[in-house]
Amino acid sequence: MTVDTTTTTPLPQIKGVKEVPYEELFVSGHRTCQGCESALVMRHMVKASGPRTIVLGSTGCMYVANTTYYTTPWVVPWMHTQLGAAGSAALGTAAGLKVLMRKGKIKDEKINVIAFCGDGGGADMGIGAISAALTHKEYDLLVLLYDNESYANTDIQVSSQSPWGAVTTFSPTGSKHRIMHTRWKKNMPGMMAAGHPESRYIAAGCAAYAVDLMNKIRRALELGGPTFVHTLDPCPKGWDYHPQYSQELGHLAVECGIWPLYEVVDGVCNLTGPTRQIAEGRKKRKPVIEYLKRQGRFAHFAPEDVEHFQAEVDKQWTEWLIPGVIPFTIPQKDTRILNIDTKKPLHAEATA
Ligand SMILES: Cc1ncc(C[n+]2csc(CCOP(=O)(O)OP(=O)(O)O)c2C)c(N)n1
Ligand code: SF4
Ligand SMILES: [Mg+2]
């Protein structure tokens with residue numbers, strides 16, 4: 001198929017799979033693992049953004065496996081940037097384009113700038129640069145953090161996004177310590193949303209919910225300014241399961257309440273997809289064992305480990321200010337924090 005890469009396309013919200021564009025802008029020519037959900041994120045990302053897009057990618061699987069010497073799956077312009085530099089690359093590119101347009105050196109038009117990074121490159125090493133980029137409201141850019149929950153490209157090392165208890169090459173299970181990785185996953189999208197008032201759009205998505213994800217990409221690009229989308233991506237190699245189950249695991253992560261789907265638009269948080277149905281009582285949250293038992297990285301879990309995992313996820317749903325998003329709880333005896341409308345103590349309403 002010939003793709004017109006010269007015209008800016010409008011990015012309306014997609015109402016169903018029939019409206020998803022046919023054009024492929026991330027094609028064959030890569031060597032990611034079979035069932036790699038991060039590769040699917042890349043495909044959906046550029047399908048949603050259209051041909052007038054520049055993609056910048058920091059080091060990781062989506063760089064290395066996508067740019068084997070003399071081959072590339074990218075139909076749109078693509079540039080590599082350093083592991084912690086997605087935020088800086090996005091900001092520099094957006095600023096450079098703006099100057100070139102202002103000086104009349106290139107046509108003044110909308111060009112989407114998307115920088116992607118992995119969880120190691122984004123939630124660990126590059127968090128400062130992403131945070132800085134999200135404060136510059138004069139530039140239009142999207143940082144997409146694809147989260148396969150490890151430093152996958154360098155053989156599955158633990159990151160701040162690896163789930164509690166998961167086996168990685170840096171956190172193997174053993175006879176002395178069954179659980180080596182004892183830190184709960186850092187709440188990256190919630191943190192970005194809570195701390196960056198200049199950003200009009202922050203979202204959490206998953207490629208298993210393709211239309212929801214594409215709409216989030218589009219909304220970010222349409223609203224403009226600096227924006228951030230975080231995806232949870234099942235990774236057959238790192239999570240140790242058969243590649244055919246990637247989509248199913250993405251669904252289970254959401255249905256078990258482990259990975260809530262949401263978007264924060266101009267400071268207003270909307271839960272989306274099954275997360276919204278669960279929060280509104282229209283769908284039952286599945287037990288986390290449904291998700292854990294499908295993956296080799298949790299195969300060493302004893303019943304008390306599953307219980308701990310379940311209790312932590314339950315806490316997110318029952319005690320957090322916004323389920324799965326904002327982790328503040330209201331002190332039960334604190335009567336100083338009042339509901340702005342009713343003037344009654346918030347904790348009384350939360351527990352009513
Ligand atoms: C500054 C720096 N330190 C270490 C490396 C080696 N390295 C290359 S890719 C990678 C893993 C990146 O992990 P993540 O960002 O999660 O992406 P993934 O490989 O999981 O897709 C590492 C540690 C590097 N390229 N640059
Ligand atoms: S290791 Fe995981 S993220 Fe990397 S290419 Fe394979 S499936 Fe994709
Ligand atoms: Mg990773």
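For ligands, and for the atoms within them, numbers begin at 1 and follow the listed sequence. Nothing here was measured: the structure is a model prediction, and the numbers come from that model.
Take a cut-off of 2.8 Å around atom 8 (Fe) of ligand 2: the protein N, O or S atoms inside it are C36 SG.
Counted by atom type alone, Q13 and R219 present one or more donor-acceptor pairs between their side chains at under 3.5 Å. With no hydrogens or angles considered, no side-chain donor-acceptor pair links N112 and S49 at under 3.5 Å. Residues T59 and H80 bring a donor and an acceptor atom of their side chains to less than 3.5 Å of each other.
Taking the ring centroids of F26 and H44, they lie at or beyond the 6.0 Å cut-off. The ring of F298 has its center no closer than 6.0 angstrom to the ring center of W164.
Other residues, nucleotides and ligands contribute over 12 non-hydrogen atoms within 6.0 Å of the NZ atom of K186. The 12-atom threshold is not exceeded at CD of Q34, counting heavy atoms of other residues, nucleotides or ligands nearer than 6.0 Å.
When heavy-atom distances to ligand 1 are checked against 4.0 Å, the residues falling inside are T59, G60, C61, L83, G118, D119, G120, G121, Y146, N148, S150, Y151, A152, N153, T154, ordered by chain and number.
One of the N, O or S atoms belonging to D119 lies under 2.8 Å away from the Mg ion (ligand 3). Taking 2.8 Å as the criterion, Y146 does not count as a coordinating residue of the Mg ion (ligand 3), since none of its N, O or S atoms falls below it. For the Mg ion (ligand 3), the set of nearby N, O or S atoms under 2.8 Å includes none belonging to N153.
Of all the heavy atoms in L261 and C206, the pair that sits closest is CD2-N, 4.0 Å.
A donor-acceptor contact shorter than 3.5 Å links the side chain of T169 to the backbone of I156.
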(request) Check the pair Y151 / M125 against side chain to side chain contact (heavy atoms under 4.5 Å, CB included), numbers first and verdict last. (result) CA-CA 11 Å; Y151 289 74; M125 295 186 201; 3.7 Å; yes
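Angle O(S150) to the Mg ion (ligand 3) to OD1(N148), rounded to 10°: 90°.
Evaluated for a ring-ring contact (aromatic ring centres under 6.0 Å, His included) with H230, the options Y146, W259, Y201 yield exactly one hit, W259.
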